[in-house]
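Structure first, then comments.
Quick caveat, the model's predicted, so the values are computed rather than measured.
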Amino acid sequence: MRLHLALALATLTSSALTSSALTSGALISNAWADEVEDAHRQALQGRDSYWNCLAREYSPDHIKTMTAQDFTADIAAACPSERQNFRVTLMDYLSMQHPDAEAGAHLSTANRAIELAQKDIVTAFLRHKAAPN
């Protein structure tokens, strides 16, 4: 009888610990998912802020007399704080999504995203310049 009681208590205790661990794991998993979602939201906000800043550089008054080379250089130097914020928030998000990636991979990806944003604005400028008045 004592053996059965001891086994029953051991099973109950083991079940309670397993249940507690699973609940704890679910809470940690949910908290991690919330952190990843927050990092994603911040990266999107950083992207939008950078894009909006670049769009302000594209104002018609500003670009009327600029050459393509001057505009490209202007865009490359424009919006330094927004660019850096986008880079950092995107790298944070990528490091959560892919924690085992090579050290410089996230920086390369973030820099490529910035490069593509700049390229899109320059392409719009070139199309605008080429369009007949």
Practice task
Go through the structure and list residues passing side-chain hydrogen bond (donor to acceptor under 3.5 Å, both in side chains) with Arg47, not counting sequence neighbours.
Solution key: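 side-chain hydrogen bond (donor to acceptor under 3.5 Å, both in side chains) check on Arg47 returns nothing, list empty.
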
Handout entry: Leu126 vs Phe71 side-chain heavy atoms within contact, under 4.5 Å
Key = no

Problem - Sub-4.5 Å side-chain heavy-atom contact between Leu107 and Arg87 - result: yes

Practice task
Mark yes or no for whether Ser49, through its side chain, and Gln45, through its backbone, hold a donor-acceptor pair below 3.5 Å.
Solution key: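 Answer holds: no.
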
Handout entry: Short side-chain to backbone donor-acceptor contact, Arg83 and Ala76, under 3.5 Å
Key = yes

Rounded to the nearest 0.5 Å, how far apart are [atom1] of [X] and [atom2] of [Y]?
X	Y	atom1	atom2	answer
Ile114	Gln84	CD1	CD	7.5 Å
Leu94	Ser108	CG	OG	11.0 Å
Leu54	Glu57	CG	CD	7.5 Å
Ile75	Phe125	CD1	CZ	9.5 Å
Cys53	Asn85	SG	CG	11.5 Å

Handout entry: Pair Gln118-Tyr50, side-chain donor/acceptor within less than 3.5 Å
Key =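 Side-chain D/A pair, Gln118 to Tyr50: present.
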
Problem - No-hydrogen, no-angle side-chain donor-acceptor test under 3.5 Å, Asp38 and Gln42 - result: yes

Hydrophobic cluster membership, [X] vs [Y], 4.5 Å side-chain cutoff:
X	Y	value
Leu44	Leu90	no
Val122	Met66	yes
Val88	Phe86	no

Set of residues satisfying side-chain contact (heavy atoms from CB on, under 4.5 Å) with respect to [X], sequence neighbours excluded:
X	value
Glu37	His40
Ala55	none
Thr123	Lys119, Arg127
Asp120	Trp51

Problem - Chi angles and distances behind the side chain to side chain donor-acceptor pair (under 3.5 Å) call for Thr67, Asp70 - result: CA-CA 5 Å; Thr67 66; Asp70 288 342; 3.2 Å; yes

Fill in the blank from the handout: Closest heavy-atom pair, Ser95 versus His106, reported as atoms and distance to 0.1 Å, is CA-NE2, 3.5 Å

Problem - Shortest non-hydrogen contact between Ala43 and Tyr93, atoms and distance - result: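 Smallest interatomic distance, heavy atoms only, reads CB-CB, 4.2 Å.
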
Practice task
May I have all residue pairs that pass salt bridge (charged side-chain N to carboxylate O under 4.0 Å, His left out) and include part of residues 93-105, sequence neighbours excluded?
Solution key: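 Matches after skipping sequence neighbours: none remain.
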
